[in-house]
Protein chains: 2
Amino acid sequence: MGRKRLQEPADGRPTVHTVAARAGVSIASASRVLNGIGGSPETIRKVRAAAAEVGYVPNAIARSLQSQRTGLVALAVEDIGNPVYVEMMRAIEAVVASSGRQLLVHATGGRIDNETALLRRLANRYVDGMIVSPIRVTDDHLTALVDSPVPVVVVGQLGADAAVDNVRTDSRHGVALAVDHLVATGRRRIGFVNGPLDTVPGTARDAGFRAALTRHDIRCDEDLIEVGDFQYAAGRTATERLLARADPDALVCANDLIAVGALHALLAAGRQVPQDVAVVGMDDTELARMMFPQLSSVSLGSTERGRRAAELLLQRIADPTLPPRREQVPPSLAIRASSGTPLPAPRPGGPPTTHPTSEGVTS
Amino acid sequence: MGRKRLQEPADGRPTVHTVAARAGVSIASASRVLNGIGGSPETIRKVRAAAAEVGYVPNAIARSLQSQRTGLVALAVEDIGNPVYVEMMRAIEAVVASSGRQLLVHATGGRIDNETALLRRLANRYVDGMIVSPIRVTDDHLTALVDSPVPVVVVGQLGADAAVDNVRTDSRHGVALAVDHLVATGRRRIGFVNGPLDTVPGTARDAGFRAALTRHDIRCDEDLIEVGDFQYAAGRTATERLLARADPDALVCANDLIAVGALHALLAAGRQVPQDVAVVGMDDTELARMMFPQLSSVSLGSTERGRRAAELLLQRIADPTLPPRREQVPPSLAIRASSGTPLPAPRPGGPPTTHPTSEGVTS
DNA sequence: CCGATAGCTGTAAACGTTTCCGGGAGTCTG
DNA sequence: CAGACTCCCGGAAACGTTTACAGCTATCGG
C-alpha cells in the first residue's frame, strides 16, 4: 500500500499521529517518547528519527487543554512606558521564572474596557494566572477580577472587602513623607502636580497632600495644585500652568515622570533646582537617578510589591483554595539633590534614605 | 430524579456541558446560543439563564484548539526598560489592535536561551504570530526563527539569506549622520560610547563610526572608544572611564540610555554640554527630549519599524504562503541642544530635523 | 391537502495532546 | 516449571470547544 497520510492535518504540519505512523508505533508510545518517559531503546530511536524527519513540533494549545496549564503568567499594567512598571515587571519576572513559567506583559493604556477585555480573554485559561495593576477600578472591573477563572493578584488599592489577593502601599503616607521633608527643610509654598483625580492613585495622593499640609498648619492654596496625567509631557505642561499663576518654593509630583516634566519646566523657566524650587518625585524609579540634578523621590516599593505579588500568585496557583490575602509595603523617601538637603550623596544603586513621618498612617 | 453532575469537571468550573444539561438542551445548541448563532427564542432564553446561573465562562484554550487561532500576538524584545522598545511596542499595538488581536510583550533580558525558549514555547501556537527584535543572533536562533510554526517578523539586521520577514534600518548610516553633524559643527576629538561588540547593533555601530571617521580623514583614536552595555548605568561608567584617559570634544552614544549616562557623567565631571562636549544619542526616544539639555539623537525610525513589522505580520498571518519580505527604514538626525547647533527649538513632538550624509549607504 | 422549504435541534466527529488501563512478553524467584 | 513481577505497548478516553450532518417540525405555496 502507498503512504498513509490520513492523519496529516490540512495545514500540513505534522502531529503526533504523523510521527507515530512514520515510526510505526502507536500515538501513545510516540507521545511517551517525545515526553521522555518510557519507551524501549528501539522505539525511542524510531520515534526520535521520525520526529526529526518530519520536523515535529508539539502543539502547545492541545497540550494545555489536556494538562490544564500553560506555563504562562501575565502582567497587565496601564503604561509600560512608566519605569515604575518596568521595575515591578523585573521583580515579577524573576520570581515567575524561578517557577519555570514565562511572563507576558500587556499594556492596557488605561482604557478600562481594554483591561476587562484582557481579563475576559487572557484569564480564560490562556495563562495560569495574572497580576493586574489597575489605576481605575469600577464595579464591573471588580467583579471581573473576583470571579476570574484564573488566579489574579492586584497591585494597588482596592476596596477593603474585595476577595482578591492584593499587594498595596500607602501612597497617602508616601505624599506625607515628601511634605514632611520639604517642611523640615524650610519650604512653605509647596505645590503639587498630580495625576487625574478619577484614578485611585490620583485621589489617594490628593488626599494625602491636603492632609499633610493641614497637619503642618499650612493653608492649602488651590493655585499651587495642578492636575495632568501620569506622563512626562503632562507633568511639564501642568507645571508650566502652575508657574504661570503661582510661585512655589517646592513641588511634590505624583510620580517620577511628572517630576521630570516639572524639572524640565522649572529649568526652562529659569528657576534653579533646588535653590529656588525643591522637587520631590514619586516611585523612586531609575529615572530619578538619571536626572541632573538627581531627583528626590518617594519610593513606593514597586520592586518589593512586584516580588510579593508574584509570590502570592504562585502560591495561589499551587493552591487555589487559599483565602484572599493582603500585603502592604511601606513607602520611604530617598533624598537627593533636587530637594536640596546637603547630604553625602547616597550610592546610586543603594537603599534609599528613609525619612519617618510623625503620622502613623501605616507600617 | 436527582441532579446530574456527571459532566461537571473535577475542577468545579462549568463547561458547555454543564450549561447544556442545566438548560435541558444539547451542547451543540448551547454552543450556538453562546456564540450568538441560531437558536429559538426559548432555547436562547434557557441557555442564557443557565449560563448566567452557573457563571459559565468559555475555555479559550479549547476554543483555540478547535479554531486554530488565539487572537494573540507576541512581541519579544531584549530590554523593556529601553524606551525605544516602548515606542516600538506602541506602534505595533496600534496596528495589532486594529485587527482585533491583543499584544503581549516578553522581555528576554538578552539571554539567548531565553529567547529561543520563548520561541519554542509561545510560537507553538500560543500566539498567532510574533515579532522578535533580537540583539544577538546565532545560527540556532535563526533556524528556530525560520521554521517557527507560527509567522515571525524580525526587527533588526539579519543575514541576507534568512527566509524571514524582516524590517531593518541602517544603523551604520545612522552613526554616520551623527559624525557628519559633529564634524560639520567643528568637533574633531569625537568619542564613541558603544554597547557590546558581540551584538548585532554593537558591531554595526562600531563599523559605522570607524568608517565615518575615516571618511573625514580623522584618525580613529582607540582611547576615545569605550564599550559597556546598552543601559544607563553602563553608559555612565563607560563615559567616566573614557574621560579618565581622554579629552573628547564630542561623544556619540550607541543609544539614548547610554547618552543619558554620558550626559550625567560629563556634568558630574564639570564639563559643560554642549560647550565643552557635544553629545549625540541614538534612537531618538522620548528620553532624549526629557533631558536638560535636550539630547540630539539619531532616529532609527523605531515607531515606523514597529508599524511596518506589525503590518507584515498581519499580512503573513492572513496568507502564510507569501514570500519573505524585507523593508528598510532610513535613519535621520534630530538636532537639539546637546550638540550645540543653535537652532530654533523644534516642536517637542514634531518631526526630527534630518541631516543628509554624503555617503549613500542606504535610502 | 401535499411537497418543498426553512429553521431548530441533537448526535457525533473533529482539533492534538496526555494518560489510564489492560494485555503481552520477558525475567526472576521459589 | 509455575507464578509473580517488570517493562513496554496500543486502544481508547479524556480535556472543552466548534461544526458538519441529518432528522425533525412547522410553515408556506400550489
Side-chain angles (χ1 to χ4, degrees), chain A residues 6-47 50-51 54-71 121 123-126 128 149-150, chain B residues 6-47 50-51 54-71 121 123-126 128 149-150:
Chain A
L6 295 180
Q7 309 286 18
E8 194 79 10
D11 156 317
R13 290 225 148 255
T15 75
V16 71
H17 290 93
T18 321
V19 174
R22 185 158 188 130
V25 301
S26 72
I27 60 165
S29 294
S31 173
R32 276 187 290 255
V33 170
L34 294 170
N35 287 0
I37 41 178
S40 70
E42 175 63 5
T43 307
I44 292 179
R45 192 193 56 73
K46 284 190 298 188
V47 172
V54 299
Y56 171 74
V57 31
N59 182 321
I61 289 281
R63 190 198 301 254
S64 295
L65 179 59
Q66 165 69 26
S67 65
Q68 301 285 49
R69 58 191 301 281
T70 64
R121 188 157 188 174
N124 295 351
R125 306 298 194 186
Y126 275 135
D128 291 342
V150 115
Chain B
L6 295 178
Q7 307 287 17
E8 193 79 9
D11 159 316
R13 289 228 146 253
T15 75
V16 72
H17 289 93
T18 321
V19 174
R22 184 159 189 131
V25 300
S26 71
I27 59 164
S29 294
S31 173
R32 277 187 289 255
V33 169
L34 294 170
N35 287 2
I37 42 179
S40 71
E42 175 62 5
T43 307
I44 292 179
R45 191 192 57 73
K46 285 190 297 187
V47 172
V54 300
Y56 171 74
V57 29
N59 182 321
I61 289 279
R63 189 198 302 255
S64 294
L65 179 60
Q66 164 69 26
S67 66
Q68 301 286 48
R69 58 191 300 281
T70 65
R121 189 158 187 174
N124 295 350
R125 306 298 194 186
Y126 275 135
D128 291 341
V150 115

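As a basis for the values below, the full set of heavy atoms in this structure was taken, side chains included, without hydrogen atoms, waters or symmetry mates. Throughout, a chain's letter reflects where its sequence line sits, starting with A, and its residues are numbered from 1.
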Of A:Ala62 and B:Val25, whose closest DNA chain C nucleotide lies nearer the 5' terminus?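 Nearest nucleotide further toward 5': that of B:Val25.
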
Side-chain N or O of [X] versus OP1/OP2 of [N]: is the shortest distance under 4.0 Å?
| X | N | answer |
| --- | --- | --- |
| A:Ser31 | C:dT17 | no |
| A:Ser29 | D:dG10 | yes |
| B:Ser26 | C:dG10 | yes |
| B:Gln68 | C:dG16 | yes |

Residue [X], side-chain heavy atoms: nucleotide from [options] that is nearest:
| X | options | result |
| --- | --- | --- |
| A:Arg32 | D:dC9, D:dA12, D:dT17 | D:dC9 |
| A:Leu65 | C:dC15, D:dA12, C:dG16 | C:dG16 |
| B:Val16 | C:dT9, D:dC9, D:dT17 | D:dT17 |

For [X] and [N], give me the distance from atom [atom1] to atom [atom2], rounded to whole Å.
| X | N | atom1 | atom2 | value |
| --- | --- | --- | --- | --- |
| B:Asn59 | D:dA14 | CG | C1' | 14 Å |
| A:Lys46 | D:dC8 | NZ | P | 14 Å |
| B:Arg69 | D:dT19 | CZ | P | 12 Å |
| B:Ile27 | C:dA14 | CD1 | C1' | 12 Å |
| B:Gln66 | C:dA13 | CD | P | 15 Å |
| B:His17 | D:dT17 | NE2 | P | 8 Å |
| A:Asn124 | D:dT18 | CG | C1' | 16 Å |

Working to the nearest 0.5 angstrom, can you tell me the gap between [X] [atom1] and [Y] [atom2]?
| X | Y | atom1 | atom2 | answer |
| --- | --- | --- | --- | --- |
| B:Asp128 | B:Arg69 | CG | CZ | 5.5 Å |
| A:Arg13 | B:Asn124 | CZ | CG | 8.5 Å |
| B:Arg63 | B:Ser31 | CZ | OG | 8.0 Å |
| B:Gln66 | A:Leu65 | CD | CG | 11.0 Å |

### Query
Are any side-chain N or O atoms of A:Tyr126 and backbone N or O atoms of B:Thr70, one a donor and one an acceptor, separated by less than 3.5 Å?
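Yes: the side chain of A:Tyr126 pairs with the backbone of B:Thr70.
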
Would a distance-only check, ignoring hydrogens and angles, find a side-chain to backbone donor-acceptor pair under 3.5 Å from A:Thr18 to A:Thr15?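 It does hold such a pair.
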
Can you say whether a donor on the side chain of A:Arg13 sits under 3.5 Å from an acceptor on the base of C:dG16, or the other way round?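 Donor-acceptor pair under 3.5 Å: no.
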
In residues 34-45 of chain A, which ones come under 4.0 Å of DNA chain C, going by heavy atoms?
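Within this stretch, A:Asn35 sit under 4.0 Å of the strand.
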
Using every non-hydrogen atom in the two residues, find where A:Arg125 and B:Ile61 come nearest and quote the distance to one decimal.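 Looking at all heavy atoms of both residues, the closest pair is O-CG1, 3.1 Å.
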
Exercise. A:Ile61 near the nucleic acid: base, sugar-phosphate alone, or nothing, with a heavy-atom cut-off under 4.0 Å?
Worked result: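 A:Ile61: no heavy atom of the nucleic acid under 4.0 Å.
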
